[in-house]
Engineer: 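Take a look at the following structure, please.
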Number of protein chains: 2
Amino acid sequence: MKMSGGVEWAVHCCVVLSEAEGPVPAQRLAEFHGISRTYLAKHLQALSRAGIVSSTEGRVGGYVLTRPADQVSVLDIVLAVDGREQAFRCTEIRQNGPLPASQEVCRQPCGVARVMYAAEQAWRSSLKDVTVADLAASVSVDVGAGTFPALRGWLAGEG
Amino acid sequence: MKMSGGVEWAVHCCVVLSEAEGPVPAQRLAEFHGISRTYLAKHLQALSRAGIVSSTEGRVGGYVLTRPADQVSVLDIVLAVDGREQAFRCTEIRQNGPLPASQEVCRQPCGVARVMYAAEQAWRSSLKDVTVADLAASVSVDVGAGTFPALRGWLAGEG
DNA sequence: GTTAACGCGGATAGGTGATATCCGTGATTC
DNA sequence: GAATCACGGATATCACCTATCCGCGTTAAC
């Protein structure tokens with residue numbers, strides 16, 4: 001079981017966007033994180049389709065957070081980039097074999113699937129409780145309050 | 001993000017084993033669930049390596065649960081079949097780019113990673129709370145108390 | 001002792017999805 | 001008109017899951 005590596009990129013980018021003052025091009029976001037520009041663009045497009053991020057085309061275009069940072073959960077980003085499908089997919093093997101479960105019984109998911117779905121629900125709930133604003137605050141604590149001013153400086157300069 | 005399909009097979013097999021009276025060959029388990037015998041064997045070997053299941057070689061061999069069913073959690077099975085690695089893998093992109101985080105700061109995982117790990121912990125904790133015995137009980141409730149006697153009959157007969 | 005059933009590990013394909021890049025198009029600003 | 005940028009499609013590569021087969025050692029039955 002492996003999450004798409006793009007999720008890490010997307011979350012970090014959202015934190016940067018939450019501290020930026022204007023639209024930030026994909027080029028800039030990729031350069032700042034030392035990652036592939038073209039591939040990051042794909043994930044940013046996914047964020048855009050999900051409504052998490054808004055894009056501005058044209059010369060001074062780029063990406064901006066659509067909602068305030070405290071209204072964007074990590075779960076929103078994960079679902080947008082990694083997809084909304086559950087990790088566990090029930091194939092209903094209880095309906096196979098010599099003693100298959102009846103159609104009546106199979107109207108509700110089996111016990112195995114229910115356990116898996118509950119666990120994923122716990123996972124999603126945990127991710128839903130953390131916002132991009134929370135992450136930005138944790139960065140300030142971890143690496144210092146001067147980080148984001150420096151970031152804004154870098155984003156503005158080096159044109 | 002997708003869990004290995006073998007997890008579903010393995011969990012169902014463990015439920016069957018918890019209700020069987022003796023060693024059950026992979027052949028039988030596969031036939032009962034209507035799935036590939038050779039591929040299921042691979043997953044059963046993983047369960048065996050993890051100590052969840054014990055194998056008996058030879059003519060009347062097969063698989064038995066090593067521990068009592070109420071001491072085998074769903075998490076045990078998932079980790080054995082799907083691997084123990086986390087779904088989220090931090091690549092430390094905060095160390096890249098023009099404003100890299102210092103070595104000192106990076107001694108602990110970044111905020112993004114901490115959130116992801118906490119969510120996985122919630123997921124694992126949820127799976128850890130459910131045992132094979134619980135699942136067997138839910139089967140009795142869902143499809144009826146006569147299910148396991150019928151299963152034992154099928155396992156014994158049709159030699 | 002021979003045979004048959006069974007678990008185990010390695011080797012081997014095939015298929016699917018993630019990763020990564022490139023190009024053309026359209027929009028916007030200068 | 002030129003430069004910058006988002007967007008979508010096409011493509012190529014790669015890793016991993018899925019699935020099968022074979023040879024080997026073990027055990028019980030005949």
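FYI, side chains are in, hydrogens and waters are out, and symmetry mates aren't considered; it's all heavy atoms of this structure. Each chain gets a letter, A, B and so on, in the order the sequences are listed, and its residues count up from 1.
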Engineer: So, using side chain to side chain donor-acceptor pair (under 3.5 Å) as the criterion, who are the partners of Ser18(B) when residues are at least two apart?
Structural biologist: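 By the side chain to side chain donor-acceptor pair (under 3.5 Å) rule, Ser18(B) matches no residue at all.
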
Engineer: OP1 or OP2 of dT13(D) versus the side-chain N and O atoms of Tyr39(A): is any pair under 4.0 Å?
Structural biologist: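 Checking Tyr39(A) against dT13(D): no side-chain N or O falls below 4.0 Å of OP1 or OP2.
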
Engineer: Could you work out which one of dT29(C), dT21(C), dT18(D) sits closest to the side chain of Val60(A)?
Structural biologist: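 Taking heavy atoms from C-beta onward, the closest nucleotide is dT29(C).
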
Engineer: Would you mind reading off the bend of the helix from dG1(C)-dC30(D) to dC30(C)-dG1(D) from its two end axes, five pairs each, to 10 degrees?
Structural biologist: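 Comparing the first five pairs with the last five, the axes sit 10° apart.
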
Engineer: Return the residues of residues 51-58 of chain B meeting this criterion: a heavy atom under 4.0 Å from some atom of DNA chain D. Order them by number, or give none.
Structural biologist: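 Result for residues 51-58 of chain B: Glu57(B), Gly58(B), sorted by number.
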
Engineer: Each nucleotide N or O in nucleotides 10-15 of chain C that has a protein N or O under 3.5 Å away: list the pair and distance.
Structural biologist:
| from | atom 1 | to | atom 2 | distance (Å) |
| --- | --- | --- | --- | --- |
| dG10(C) | O6 | Lys42(B) | NZ | 2.6 |

Engineer: Looking at every non-hydrogen atom in both residues, tell me the closest pair between Phe88(A) and Ala113(A) and how far apart they are.
Structural biologist: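 Heavy-atom minimum between the residues: CE2-CA, 3.8 Å.
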
Engineer: Can you list everything that forms a side-chain contact (heavy atoms from CB on, under 4.5 Å) with Pro68(B)? Sequence neighbours excluded, please.
Structural biologist: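 Pro68(B) satisfies side-chain contact (heavy atoms from CB on, under 4.5 Å) with Asp70(B), Gln71(B) only.
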
Engineer: Please confirm whether the shortest side-chain N or O distance from Arg49(B) to OP1 or OP2 of dG9(C) is below 4.0 Å.
Structural biologist: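 Yes.
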
Engineer: Which of residues 79-100 of chain B sit near DNA chain C, with a heavy atom under 4.0 Å from it?
Structural biologist: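 Heavy-atom cutoff 4.0 Å gives no residues at all.
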
Engineer: Can I get a per-line list of side-chain donor-acceptor pairs under 3.5 Å for residues 122-143 of chain B, giving both atom names and the distance, sequence neighbours left out?
Structural biologist:
| from | atom 1 | to | atom 2 | distance (Å) |
| --- | --- | --- | --- | --- |
| Arg124(B) | NH2 | Arg84(B) | O | 3.1 |
| Thr131(B) | OG1 | Ala133(B) | N | 3.3 |
| Thr131(B) | OG1 | Asp134(B) | N | 3.1 |
| Thr131(B) | OG1 | Asp134(B) | OD2 | 3.2 |
| Asp134(B) | OD2 | Thr131(B) | N | 3.0 |
| Ser138(B) | OG | Leu135(B) | O | 2.8 |
| Asp142(B) | OD2 | Arg114(A) | NH1 | 3.1 |
| Asp142(B) | OD2 | Arg114(A) | NH2 | 3.2 |

Engineer: When you check the phosphate oxygens OP1 and OP2 of dG7(C), does a side-chain N or O of Ser48(B) lie under 4.0 Å from one of them?
Structural biologist: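 Answer is no, no contact under 4.0 Å.
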
Engineer: Return the minimal non-hydrogen interatomic distance between Thr147(B) and Gly144(B), and the atom names on each side.
Structural biologist: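 Shortest heavy-atom contact: OG1-O, 2.8 Å.
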
Engineer: Using heavy atoms and a sub-4.0 Å distance, could you list which residues of residues 15-27 of chain B are near DNA chain D? By number, please.
Structural biologist: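 Output list: empty, so none.
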
Engineer: To the side chain of Gln45(B), which of dT19(C), dG9(C), dT21(C) is closest?
Structural biologist: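 Looking only at heavy atoms from C-beta outward on Gln45(B), the closest nucleotide is dG9(C).
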
Engineer: Which one, dA28(D), dT18(D), dC7(D), comes nearest to the side chain of Arg59(B)?
Structural biologist: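 The closest nucleotide is dA28(D).
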
Engineer: By the side-chain hydrogen bond (donor to acceptor under 3.5 Å, both in side chains) test, which pairs, at least two apart or in different chains, include something from residues 87-102 of chain B?
Structural biologist: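 Listed once each, the pairs are Glu8(A)-Thr91(B), Glu85(B)-Arg89(B), Glu92(B)-Arg94(B), Glu92(B)-Gln95(B).
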
Engineer: Tell me, please, which residues at least two apart from Arg152(A) pass side chain to side chain donor-acceptor pair (under 3.5 Å).
Structural biologist: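 Per chain and number, Arg152(A) pairs via side chain to side chain donor-acceptor pair (under 3.5 Å) with Glu19(A).
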
Engineer: Apply side chain to side chain donor-acceptor pair (under 3.5 Å) to Thr66(A) and list each qualifying residue two or more places apart in sequence or on a separate chain.
Structural biologist: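 Partners of Thr66(A) under the side chain to side chain donor-acceptor pair (under 3.5 Å) test: Ser54(A).
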
Engineer: Which donor-acceptor pairs under 3.5 Å do the side chains of residues 32-52 of chain A make with protein atoms, sequence neighbours left out?
Structural biologist:
| from | atom 1 | to | atom 2 | distance (Å) |
| --- | --- | --- | --- | --- |
| His33(A) | ND1 | Leu29(A) | O | 2.9 |
| Ser36(A) | OG | Thr38(A) | OG1 | 3.4 |
| Ser36(A) | OG | Tyr39(A) | N | 3.1 |

Engineer: Would you mind classifying the nucleic acid contact of Thr38(B) as base, sugar-phosphate or nothing, using non-hydrogen atoms under 4.0 angstrom?
Structural biologist: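 Result for Thr38(B) = base.
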
Engineer: Hey, does Ser36(B) reach any base, or is it just sugar-phosphate, or nothing, if we go heavy atoms under 4.0 Å?
Structural biologist: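 It contacts sugar-phosphate atoms only.
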
